[in-house]
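Here the structure is laid out as structure tokens; the discussion comes afterwards.
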Amino acid sequence: MVREIQYDEQKELLELYLSLHESFVPKQSEILANTWNEILNDKNHHLLVNIVDGKIVSSCVCVIIPNLTRGIRPYAFIENVVTLEKYRGKGYATECLNFAKRIAQENNCYKMMLLTGSKKKKTLSFYRNAGYNSTDKTAFIQWL
């Protein structure tokens with residue numbers, strides 16, 4: 001079951017992010033608490049989780065970004081797509097992405113985009129099968 005995250009699920013989400021690229025769960029701090037509250041209170045920030053047997057097994061973030069072009073239509077940015085290893089290949093991340101797509105459509109977005117650092121064929125095929133392409137745009141990143 002895919003839904004928006006609940007306030008008391010922060011720790012479980014941060015543990016899921018260890019399957020993404022994080023090497024540790026951050027300690028509770030004022031910065032973490034403020035960031036968590038800011039995300040949860042932002043109407044344009046959707047932190048989606050897929051729950052199986054009461055456990056978060058997959059997640060993605062969908063941020064709706066207001067925009068002055070394309071008929072003043074917003075666009076959606078997808079980030080932090082992750083699934084626990086033993087649950088991969090079962091469609092859980094696809095369900096999260098489909099939920100994000102519904103949010104984007106409900107918000108009249110003209111496009112959705114995501115970036116991946118993965119070069120794995122399986123990962124790239126997953127995104128293509130989910131409806132994304134890597135031919136329309138070129139992404140550039142400047143790490144700060």
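For the pair L14/L32, a side-chain contact is recorded, criterion being any heavy-atom separation below 4.5 Å from C-beta on. Here the side chains of L16 and L84 are in contact, with some heavy-atom distance below 4.5 Å.
Residues L97 and Y110 are members of separate hydrophobic clusters, defined by side-chain heavy-atom contacts under 4.5 angstrom among Ile, Leu, Val, Met, Phe, Trp and Tyr. One hydrophobic cluster, built from ILVMFWY side chains closer than 4.5 Å, holds both I39 and Y7. Hydrophobic clustering (ILVMFWY, side-chain heavy atoms < 4.5 Å, transitive): I56 and V25 are in one cluster.
Its side chain outside the 4.5 Å cluster rule for every partner, L144 clusters with none of the Ile, Leu, Val, Met, Phe, Trp and Tyr residues.
Legend: side chain to side chain donor-acceptor pair (under 3.5 Å) pairs involving residues 134-143, not counting sequence neighbours, sorted by first then second residue: N133-T135, N133-D136. Among residue pairs with one or both ends in residues 58-68, those qualifying as side chain to side chain donor-acceptor pair (under 3.5 Å) are S58-T83, N67-T69; sequence neighbours excluded. Residue pairs meeting the salt bridge (charged side-chain N to carboxylate O under 4.0 Å, His left out) criterion with at least one member in residues 62-88: none, sequence neighbours excluded. Within the structure, the side chain to side chain donor-acceptor pair (under 3.5 Å) test picks out the following pairs touching residues 27-37 (sequence neighbours left out): Q10-Q28.
At least one donor-acceptor pair under 3.5 Å links the side chain of E9 to the backbone N or O of Q6.
Q105 is linked by a side chain to side chain donor-acceptor pair (under 3.5 Å) to nothing, counting only residues two or more places apart in sequence or in another chain. For the side-chain contact (heavy atoms from CB on, under 4.5 Å) test, residues two or more places apart in sequence or in another chain that qualify with L114 are I78, Y127, Y132. Every residue two or more places apart in sequence or in another chain that forms a salt bridge (charged side-chain N to carboxylate O under 4.0 Å, His left out) with K11 is listed here: E15. In this structure A76 satisfies the side-chain contact (heavy atoms from CB on, under 4.5 Å) test together with C62, I64, A104, C109, M112, sequence neighbours excluded.
Residue I72 holds its CD1 atom at 11.0 Å from CG of N108, rounded to the nearest 0.5 Å.
Within 6.0 Å of the NZ atom in K111, the count of heavy atoms belonging to other residues, nucleotides or ligands exceeds 12. In the displayed structure, I141 atom CD1 is contacted under 6.0 Å by more than 12 heavy atoms of other residues, nucleotides or ligands.
When all heavy atoms of V81 and A93 are compared, the closest pair comes out as CG1-CB, 4.2 Å. Between N107 and I103, the shortest heavy-atom distance links the atoms ND2-O, 2.8 Å. Minimum heavy-atom separation, L18 to F24: CD2-N, 3.5 Å.
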Let me have the donor-acceptor pairs involving side chains of residues 115-122, under 3.5 Å, with sequence neighbours excluded, atom names and distances please.
{"unit_1": "T116", "atom_1": "OG1", "unit_2": "S118", "atom_2": "N", "d": "3.1"}
{"unit_1": "S118", "atom_1": "OG", "unit_2": "K120", "atom_2": "N", "d": "3.1"}
{"unit_1": "S118", "atom_1": "OG", "unit_2": "T123", "atom_2": "OG1", "d": "3.4"}

Could you go through residues 45-54 and list every donor-acceptor pair under 3.5 Å that involves a side-chain atom there, pairing it with any protein atom two or more places apart or in another chain?
{"unit_1": "H46", "atom_1": "ND1", "unit_2": "E4", "atom_2": "OE2", "d": "2.6"}
{"unit_1": "H46", "atom_1": "NE2", "unit_2": "K43", "atom_2": "O", "d": "3.2"}
{"unit_1": "N50", "atom_1": "OD1", "unit_2": "M1", "atom_2": "N", "d": "3.1"}
{"unit_1": "N50", "atom_1": "ND2", "unit_2": "Y92", "atom_2": "O", "d": "3.0"}
{"unit_1": "N50", "atom_1": "ND2", "unit_2": "E95", "atom_2": "OE1", "d": "2.7"}

